[in-house]
Protein chains: 2
Amino acid sequence: MVEESPRQATIFDVARLAGVSHQTVSRVVNDLPNVRAATRARVEDAIKKLRYVPSPAARALVTRRSRTIGLIATGGPEFGPSSTVLYFNSAARDARWSVFTADMVDSDPGAIRSAVEAFLRQNVEGIAVIAGFEVAAEVVAAMNLTIPLVVLQATRRAGLDTVGADQYRGARSAVAHLIGLGHRSIAHLAGPPESVDAQERERGWRDELAAHGLVAAVSGVGDWSPAAGFAFGMAFDPDAATAVFVANDQMAVGLMHALTVRGRSVPEDVSVIGFDDIPEAAHLSPPLTTVRQDFRRIGHDMLDTLLERIDGAAATPRPQSVPEFVERSSTAPPRSAGRQP
Amino acid sequence: MVEESPRQATIFDVARLAGVSHQTVSRVVNDLPNVRAATRARVEDAIKKLRYVPSPAARALVTRRSRTIGLIATGGPEFGPSSTVLYFNSAARDARWSVFTADMVDSDPGAIRSAVEAFLRQNVEGIAVIAGFEVAAEVVAAMNLTIPLVVLQATRRAGLDTVGADQYRGARSAVAHLIGLGHRSIAHLAGPPESVDAQERERGWRDELAAHGLVAAVSGVGDWSPAAGFAFGMAFDPDAATAVFVANDQMAVGLMHALTVRGRSVPEDVSVIGFDDIPEAAHLSPPLTTVRQDFRRIGHDMLDTLLERIDGAAATPRPQSVPEFVERSSTAPPRSAGRQP
DNA sequence: CTCCGCAATGTGATCGCTCACATATGTCAG
DNA sequence: CTGACATATGTGAGCGATCACATTGCGGAG
């Protein structure tokens with residue numbers, strides 16, 4: 001309920017009603033010691049009666065604190081970024097912090113900078129960046145902010161608080177699975193090169209292959225979209241690989257579509273693995289083997305790290321979460337071979 | 001770049017440097033008349049030199065305005081709601097407004113109320129609600145806010161500014177297509193009953209059927225998730241309907257999966273239509289016929305409506321956008337019949 | 001009984017801006 | 001040359017909180 005009253009009550013109104021000074025009211029509101037229990041009760045009564053709410057503007061003016069965070073989200077409406085935004089926001093609300101969100105449709109450095117400036121103008125106490133694109137993190141980091149900054153990104157970086165899942169290990173587990181199944185020529189459809197996550201997944205693919213003496217053969221690059229997966233699927237030589245590790249589920253959808261169009265079946269002719277485990281993954285035809293990321297945890301980790309730094313503490317290093325391999329039916333041993341030892 | 005300087009410059013610093021009074025600086029900053037061009041230039045110079053930025057806290061304290069909006073988003077990480085959030089935010093940024101976002105994972109009335117209260121405490125000048133669930137709009141409306149409120153919801157409502165696409169017509173166009181193809185028994189898998197959009201789509205289905213003298217037969221209810229679509233697909237009697245109009249694409253994915261599992265093919269045995277046109281829709285097997293919503297436009301409409309009301313104007317009624325029917329290959333004439341006149 | 005010290009409370013300045021009003025400067029008719 | 005009236009600029013109060021410091025009240029040691 002909101003009062004239609006002529007004016008919001010101020011700290012002085014409360015003080016008058018409770019018969020104390022405004023300073024005592026301030027003490028009660030901020031839960032400071034040295035207030036007699038009886039006094040505190042009287043004040044709390046008055047507060048309730050007047051529906052008093054401290055003015056954040058006045059408070060911010062003098063304390064230079066706002067209990068407010070800025071969140072920069074790049075990566076568009078993709079499942080991953082938008083889930084992270086959601087969980088970050090809801091974690092913040094639970095912690096009674098307000099968050100300004102700036103969704104960037106593209107990653108224009110100028111736009112990012114001006115979003116950060118808007119945040120600063122609003123007196124945010126910290127900034128979180130979901131760095132779908134590497135440049136986003138760099139641009140913000142280069143601004144040399146005096147307030148804490150935490151970046152969601154797969155690679156750790158000196159002098160930068162970073163949170164994120166271990167994309168590299170996730171990718172390796174996916175490729176290891178294919179190798180275990182007997183695949184020897186495993187292609188990769190990577191995400192955009194500007195994305196650190198994409199880079200890490202590609203590196204994981206390459207390294208796992210190398211660890212087994214295999215060479216990284218066919219590969220392509222996409223922009224995360226199903227359309228990109230489709231384009232790749234129509235273009236590559238399907239006989240050159242018995243399996244494809246795709247950098248995200250959406251592109252895997254497009255790839256499987258192309259494969260179908262070309263008369264190849266999954267997993268009989270070619271195995272496909274995605275990444276993310278979008279809700280649809282389990283219900284594609286065939287259900288998609290993938291690597292699951294815990295976006296809820298990532299969002300919470302980001303917030304916790306940021307709040308720690310805002311409190312002045314060094315951020316306790318959080319172990320990177322390791323994405324979980326999820327086997328479904330888009331992967332099978334290659335036609336030619338049985339399972340390898 | 002951010003100054004590491006001891007203290008942010010204030011209006012007085014600028015005034016001193018420019019050799020004018022603080023009030024003149026204020027005039028320049030707020031672009032008020034009655035300042036000589038030469039003076040204005042001197043002040044602007046000083047502002048630039050000192051990297052002066054007005055303090056929003058101080059300004060908000062006296063003007064009681066914050067140039068800030070609160071956005072309540074229900075509907076989780078689904079494609080529709082999260083796209084809308086994204087476009088709303090980015091439109092707001094373009095208009096130089098800041099927005100606080102509160103993503104609600106569930107739609108607990110208490111949580112919604114407290115999110116609104118947090119917004120009020122932050123002095124937001126308006127609130128936008130993406131009402132995935134009807135109750136969300138109701139809860140906020142019932143709070144009798146003194147600030148403007150705009151709700152994204154399919155149905156118009158007296159005394160409430162509402163924005164949204166015409167779900168009803170979208171649904172009718174989908175069903176009309178099926179009827180045109182020759183289908184006579186068209187099932188419906190609805191969204192959750194708490195969702196106004198779901199209600200509208202179901203109503204569209206029912207009315208279009210009735211308009212052709214057909215009866216609404218089999219139908220089910222899901223929660224928008226692929227899993228729900230799958231469950232429905234496994235449970236319903238596939239011989240009782242030659243086509244299914246599904247309330248969203250994600251559930252359609254699950255339904256098609258179930259159909260495949262049960263050895264029915266789409267569209268030969270049963271046609272399927274979804275709603276939303278998620279990016280994956282074009283690349284499913286088969287590519288999904290659906291109804292496309294323009295979330296970008298919806299986000300912008302919400303913002304524009306809200307800003308108009310904040311400016312004191314009555315909101316100019318915006319025509320509801322009509323979702324666009326998109327034919328792909330998950331629909332075909334029923335086995336038994338050819339195309340009808 | 002006095003004095004000290006701590007707990008409880010009050011006072012006034014201050015944060016950085018805008019608002020309402022006062023004052024200075026300039027221009028032109030009479 | 002003077003007054004009137006606009007235009008340009010300055011002054012001081014006040015928004016609603018916190019902060020630093022001053023004051024009061026009370027119980028126990030000397």
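Lettering follows sequence order; numbering is per chain, from 1.
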A:Gln122 and A:Ser66: side-chain donor and acceptor closer than 3.5 Å?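 Their side chains do not contain a donor-acceptor pair, so the 3.5 Å distance test is not met.
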
Of all the choices, C:dC17, D:dA17, D:dG10, which nucleotide is nearest to the side chain of A:Tyr52 once you look at every atom?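 Comparing C:dC17, D:dA17, D:dG10 against the side chain of A:Tyr52, the answer is D:dA17.
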
Minimum-distance nucleotide (side-chain atoms of A:Ser55 versus D:dT11, D:dA17, C:dG10):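 Of the candidates, D:dA17 comes closest.
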
Nearest heavy atom decides the nucleotide; on that basis, is A:Phe12 or A:Arg27 closer to the 5' end of DNA chain D?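 Closest to the 5' end, via its nearest nucleotide, is A:Phe12.
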
More 5' along DNA chain D: B:Leu61 or B:Thr39, using each one's nearest nucleotide?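 Upstream on the strand: B:Thr39.
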
Listed partners of B:Asp304 passing side chain to side chain donor-acceptor pair (under 3.5 Å), at least two apart: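 Residues passing side chain to side chain donor-acceptor pair (under 3.5 Å) with B:Asp304: none at all.
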
Is the number of heavy atoms from other residues, nucleotides or ligands within 6.0 Å of CZ (B:Arg296) greater than 12?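 Counting other residues, nucleotides and ligands, CZ of B:Arg296 stays at 12 neighbours or fewer.
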
Can you check the [X] [atom1] to [N] [atom2] distance for me, whole Å?
X	N	atom1	atom2	result
B:Leu50	C:dG16	CG	C1'	15 Å
A:Ile11	C:dG12	CD1	C1'	14 Å
A:Arg65	D:dA17	CZ	P	18 Å
A:Arg40	C:dT9	CZ	C1'	13 Å
B:Gln23	C:dC19	CD	P	9 Å
B:Gln8	C:dG16	CD	P	9 Å
A:Ile47	D:dA17	CD1	P	10 Å
A:Asn34	D:dA22	CG	P	17 Å

Taking only the side-chain nitrogens and oxygens of [X], find out if one of them lies under 4.0 Å from OP1 or OP2 of [N].
X	N	value
B:Arg36	D:dA8	no
A:Thr63	D:dA17	no
B:Thr10	C:dG16	no
B:Asn30	C:dT18	yes
B:Arg64	D:dC15	no
B:Ser26	C:dT18	yes

Does [X] reach a base, just sugar-phosphate, or nothing at all? Heavy atoms under 4.0 Å.
X	answer
A:Val29	nothing
A:Val53	sugar-phosphate
B:Val43	nothing

Short N-O contact, A:Asp161 and A:Arg318, less than 4.0 angstrom: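 Not counted as a salt bridge, because no side-chain N and carboxylate O are separated by less than 4.0 Å.
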
Do the side chains of B:Arg16 and B:Asp13 get close enough for a salt bridge, i.e. N-O under 4.0 angstrom?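 The answer is yes: the pair qualifies as a salt bridge.
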
Can you sort out the partners of B:Ser83 under side chain to side chain contact (heavy atoms under 4.5 Å, CB included), two or more places apart, ordered by chain and number?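 Scan of B:Ser83 (side chain to side chain contact (heavy atoms under 4.5 Å, CB included), adjacent residues dropped) gives A:Pro77, B:Phe79, B:Tyr87, B:Phe295.
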
Quick check: on DNA chain C, is the nucleotide nearest A:Gly19 upstream (toward 5') of the one nearest B:Val62, or the reverse? Name the residue that is more 5'.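 First, find each residue's nearest nucleotide; the 5'-ward one identifies A:Gly19.
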
Do B:Lys49 and B:Leu17 make a side-chain contact, defined as non-hydrogen atoms from C-beta onward lying under 4.5 Å apart?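 Counting from C-beta outward, B:Lys49 and B:Leu17 do come under 4.5 Å.
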
How long is the gap from OG1 on B:Thr39 to CG on B:Asn34, to the nearest 0.5 Å?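 The OG1 atom of B:Thr39 sits 11.5 Å away from the CG atom of B:Asn34.
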
So for the helix from C:dC1-D:dG30 to C:dG30-D:dC1, with five pairs setting each end axis, what is the inter-axis angle to 10°?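 End axes: 60° apart.
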
Side chain of A:His22, base of C:dT9: donor and acceptor closer than 3.5 Å?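 For A:His22, whose side chain was compared with the base of C:dT9, there is no donor-acceptor pair (under 3.5 Å).
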
